[in-house]
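Naming convention: chains lettered A, B, ... in sequence-line order (proteins, then strands); numbering from 1 in each chain.
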Protein chains: 2
Amino acid sequence: MSSGDSEGEVQESDLPSAAECEERCQKFAEVTGTDTALAMFFLQDRQWIVARALDAFFAQNPGYGESMQEYPTLNAAEDPLAAAQSMGSGEGSETKVPDVQPHRVRVMSWNIDGLDTANLKQRTRAVINTIKAEKVEVALLQEVVANSESVLRESLTDYKIISGGTSSKEGYYTAILLHKQHTHLDDFETVPYFSSTMGRNLLVVNSTVKGVPMTLMTSHLESTKSHAGERKRQLGIGLNRMKDASTERTVLFGGDLNLRDKELESIGGLPEGIVDVWEETGSRKEARYTWDTYRNDNLATDGKWRTRLRFDRLYLRQCSPPAKLKPVYFELVGLQRVPDVHRFPSDHWGILAHFDILSGSGDSRPFGALSAKEAEESQAKSSSLKPENSKSSDAPASSGKKSGNPEAQPSEGPPPAKRPKD
Amino acid sequence: MSSGDSEGEVQESDLPSAAECEERCQKFAEVTGTDTALAMFFLQDRQWIVARALDAFFAQNPGYGESMQEYPTLNAAEDPLAAAQSMGSGEGSETKVPDVQPHRVRVMSWNIDGLDTANLKQRTRAVINTIKAEKVEVALLQEVVANSESVLRESLTDYKIISGGTSSKEGYYTAILLHKQHTHLDDFETVPYFSSTMGRNLLVVNSTVKGVPMTLMTSHLESTKSHAGERKRQLGIGLNRMKDASTERTVLFGGDLNLRDKELESIGGLPEGIVDVWEETGSRKEARYTWDTYRNDNLATDGKWRTRLRFDRLYLRQCSPPAKLKPVYFELVGLQRVPDVHRFPSDHWGILAHFDILSGSGDSRPFGALSAKEAEESQAKSSSLKPENSKSSDAPASSGKKSGNPEAQPSEGPPPAKRPKD
DNA sequence: CCGCCGAGG
DNA sequence: CCCTCGGCG
Ligand SMILES: [Mg+2]
Ligand SMILES: [Mg+2]
């Protein structure tokens, strides 16, 4: 295995010192989140050049962080998800496909970096392909801009797109995408943050998802460390909104919260009854950091500053008992470079949460009647509803996880969805 | 229950608003690390005054964080540990007592705040009483000063005291205390940090503890957030020293590391083979923060800034297999105010780790012969050995945990020590 | 959208 | 021994 790669052969005299090798192993382990044993494995056949070892590692582990399998040798031809991301899928009219996982709900959140105009359309297409491949019922997007929204609307004809933009689509804004086949849009509203200096707001959508009444919320909270004060205020608005939502609805609030753990702690942590879905699914370290300049070079900082932060989060508040959704898996998406462009879809990874619909909750009908109680509550709000019109044809890519190998880590991708009453 | 306390009765019109009550509950829950249900319990009979509720909570939970029992109504007369802390125990000559837990090793680390001259002797006596009550085999101390060292030497005649101070005991320094009955001092040395601007260093002691050959290390790493760079460098020296220690020794490195999690992460986390004992024992949240201006007002900041950090840590590197010590429990000490003084023993909580000696390791003899291999290794070092001479008489306080009540949390104090071969 | 650092509270 | 903030790499 090692001598087969002639480029990997080196004179003994070319080897770095033992101390240097150890340091490079540490570096590799740090960037990959693995250990120095694995580092040595990758470095020893690559002249102990860290960059080459990292390239090899991530090339062999395109889904690292995503579903934790290790060393699958695959390329776009073998990998349905990679294929999905790269293919120019045709635009088209609404597609009806059988729901192979009727008791599973998938919710994504992703800051798709519309502020970076470079490769915007190609990057947005990669996002679109991931949405289709993962068959998410709900997508919460941030940093949507007019030039990416148009691409989304052209290609995601199976989805209703509710924009959080207010002032005639200038700048960047949020959007919530609802799969038409599996959801019903009940109503929506935007909540302004009056003291935002960055035009941020909160988008709230009431929707019934596979029969589960939900409130879906997204926001792109005030950016940068300096604006922690304003950010915490905005977060409080979102969290209060979650607490105050109808108890008949299951509430999800996700987005680019730009949050540091200390900030959350300083406001007393999450209120009772609200949980972080990443934590709730086991705090998998592979899915922790959603903004990571060690791995993601879209920002082209030339390695001047490297850091990792968990900016993108998803919070859950259950409806009154019995709960209807159980978080079962949390992963990152967008970890592969867009072919040809050689950049990632965004400077953020997307987050993708999988939920099981609990027994007696879902009925597979997208529409669940509002109770008299909630009808009362909701008529107090001045919400408008903007349905989407459908277009041309579309063939969603096949989903499915890539196969792992014997050295795989503890778990590999979401558990299979089960019919609760089986 | 509520009407029995006449001071607790209030006119309904005096009650704060519901929103205000909720806010105060949040505040209480935040400071105590409990929840708002408990907060309401404590607030409702105390006119919703947060300060009174907190006083009541901590008065009833003097050991909160320490062994997690809740609401034991106790005072110094009933509580052996509190009694130990407050009593002026007589100085005396070395005491021999039967070792009731021969397969248990207890190691403490505590910054005892010698830089605060107020109540220094009383505070130091409280530290001494805790050391005696907990019957620690090893204590790692930081911020020892001449005026506290003298008190330690007078009262802790059962311990050898190895000082990390170099320049004729000016300023503040570290010390390692070894229980004479249970340990043998093999040798020690201090390692300077050349770029420290605060006179910090590393104290390394080789000792055999209940038959287990150990390397014990302590340090008070460069303080304040601004000095993260120097602090990380110092930490690296300590961690390297742990890695390089004889594989026949079990290595513990503990102290006031002044560390922020991000800093540890930025140097790639702990090296393989080194674990954080707090994490290893389950990351109990009650024992997480060792410096906490919400609960500890020794710094008299008048509540201007409140924060919590995990400055004090203990790292473990096992000897070559089979391992000899298993970490079983980690708790905080010094959580009770010193009677009369009404201040805590230090602005830091102490940390106390409990280990089980694994089967076939300990032989209850303090002295374990050095192997030929290690004798070779150690003769390369220019270590000096400074034995202590014993003095007057002493009566160590009885230890033992306070009894909990039915509402106790998941666990209550360290598990009973078992003879490995029972 | 970063961390480091120093000033001010 | 804290935090926030602003300047700068
Ligand atoms: Mg951005
Ligand atoms: Mg101090």
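Listed by chain and number, the residues in a ring pair (Phe, Tyr, Trp, His ring centres under 6.0 Å) with F311(A) are W291(A) (sequence neighbours excluded). Every salt bridge (charged side-chain N to carboxylate O under 4.0 Å, His left out) that D261(B) has, sequence neighbours left out, goes to R288(B), R313(B). F344(B) meets the ring pair (Phe, Tyr, Trp, His ring centres under 6.0 Å) test with W349(B); sequence neighbours excluded. Looking at residues two or more places apart in sequence or on another chain, you find a side-chain contact (heavy atoms from CB on, under 4.5 Å) between S195(A) and E230(A), R233(A). Partners of D116(A) according to the side-chain contact (heavy atoms from CB on, under 4.5 Å) rule, which considers only residues two or more places apart in sequence or in another chain, are D113(A), A118(A), R123(A), R343(A).
Contacts of E263(B) with the nucleic acid, taken as non-hydrogen atoms under 4.0 Å apart, are absent. Counting non-hydrogen atoms under 4.0 angstrom, N298(B) reaches nothing in the nucleic acid. At a threshold of 4.0 angstrom between heavy atoms, the contacts of D113(A) with the nucleic acid are absent.
Distance E230(A) CD to dG6(D) P: 13 Å, rounded to the nearest Å. In this entry the distance linking CZ of R306(A) with C1' of dG9(D) reads 16 Å, nearest Å.
Comparing the C1' positions of dG9(D) and dC1(C) gives a spacing of 14 Å, expressed to the nearest Å.
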Set out, line by line, the N/O atom pairs under 3.5 Å between protein and nucleotides 4-9 of chain C.
{"from": "dC5(C)", "atom 1": "OP2", "to": "S226(B)", "atom 2": "O", "distance (Å)": "3.1"}

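At a threshold of 4.0 Å, the pair R337(B)-D297(B) counts as salt-bridged, since one of the basic side-chain nitrogens sits closer than that to a carboxylate oxygen.
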